[in-house]
Amino acid sequence: MKAPSVKLPIFTSDGQFVAHYSEKGLAKLNFPRVGTPRCGVRTSQRDVPSKVRRWHRATVAALKQVLAGRSPKKFPPLDLSGGTTFQRQVWNALRKIARGQTKSYGEIARAIGRPRAVRAVGGACGANPIPVLVPCHRVLAANGKLGGFSGGLDWKRKLLTREGVSL
DNA sequence: GTCACCTTAGAAG
DNA sequence: CTTCTAAGGTGAC
């Protein structure tokens, strides 16, 4: 039995994101899809618990703030229970990177006390279930270059540019 | 077991 | 400068 999840759409000028909520909070955020925009996504919030609706309002507000290059004043509770201990350490470190700042995979690795797990940090970033709000896009390669981004390098570039980071 | 992945410091050519 | 190597964690096959 999996934790029941509620999927709600978020309409932005950058496309339709989909937020997944578990009992604990926001568990996953998907970038706009070209293929299957809605698959189990609620079109109405009628039968959605008020708790979740409240989280969703926070998610929508926070997402739009980041997309606009600003720092959200409020976040919904994040349910990162889906990751391993190592991944949660990485994601937690990512959340400390402020708007407009960047770090390298190596710096994250050192920050969590695993200076040699550099590539593993890359792996954890790629496994990040909540991109944008957990700013995996603020992690660059050590030489200042973009590095990779599973959601598409366009997004990484776009988000950083809007935050005022020059590449 | 093997491989591919959002990496990187260092050594060799 | 370019190329090669070794080292971590994890999920897919």
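Every chain is numbered from 1, with letters handed out A, B, ... down the list of sequences.
Each of A/Thr59, A/Val52, A/Thr43, A/Leu26 was compared with A/Leu8 under the side chain to side chain contact (heavy atoms under 4.5 Å, CB included) criterion, and only A/Val52 meets it.
Of the candidate nucleotides B/dA9, C/dA7, B/dC6, B/dA9 has the atom lying nearest to any side-chain atom of A/Ala142. Considering only side-chain atoms of A/Val118, the nucleotide from B/dT7, B/dC6, C/dG8 that sits closest is B/dT7. In the set C/dG8, B/dT8, B/dC6, the nucleotide with an atom closest to the side chain of A/Cys125 is B/dC6. When distances run from any side-chain atom of A/Arg119 to the nucleotides B/dC6, B/dT8, C/dA7, the shortest one goes to C/dA7.
Backbone-only engagement by A/Phe86 is indicated by non-hydrogen atom pairs under 4.0 Å involving sugar-phosphate atoms exclusively. A/Ala117 comes within 4.0 angstrom of the backbone, heavy atoms only, and of no base. Among the atoms of the strands shown, base atoms are found under 4.0 Å from some heavy atom of A/Gly126.
Atom pair A/Trp155:CH2 and B/dC6:P shows a separation of 19 Å (rounding to whole Å applied). The OH atom of A/Tyr105 sits 18 Å away from the P atom of C/dG9 (whole-angstrom rounding). Atom CZ in A/Phe149 sits roughly 15 Å away from atom C1' in B/dC5 (whole-Å rounding). As rounded to whole Å, 11 Å separates atom C1' of C/dT10 from atom CH2 of A/Trp91. Counting to the nearest Å, the P atom of B/dC6 and the CG atom of A/Asn143 are 16 Å from each other. For the pair A/Ile108 CD1 and C/dG8 C1', the computed distance is 16 Å after rounding to whole Å. Between A/Arg114 atom CZ and B/dT8 atom C1' the separation is 17 Å, expressed in whole Å. Taking atom CZ of residue A/Arg110 and atom P of nucleotide C/dA7, one finds them 19 Å apart after rounding to whole Å.
Ion pair A/Lys64/A/Asp14 not flagged as a salt bridge, since none of the NZ, NE, NH1 or NH2 atoms sits closer than 4.0 Å to an Asp/Glu carboxylate oxygen. Remark: A/Glu163 engages A/Arg138 in a salt bridge, criterion side-chain N to carboxylate O under 4.0 Å.
You won't find any donor-acceptor pair under 3.5 Å spanning the side chain of A/Arg116 and the base of C/dA7, going by distance alone.
If you take atom C1' in B/dC6 and the same atom in C/dT2, they sit 23 Å apart, rounded to whole Å.
For A/Arg53, the CZ atom is densely surrounded, since the number of other residues' heavy atoms within 6.0 Å is greater than 12. No more than 12 heavy atoms of other residues, nucleotides or ligands sit less than 6.0 Å from atom CZ of A/Arg95.
Between A/Thr84 and the phosphate of C/dT10, there is a side-chain N or O to OP1/OP2 separation shorter than 4.0 Å.
B/dC6 makes up no base pair with any nucleotide shown, lacking Watson-Crick or G-U wobble contacts both under 3.5 Å.
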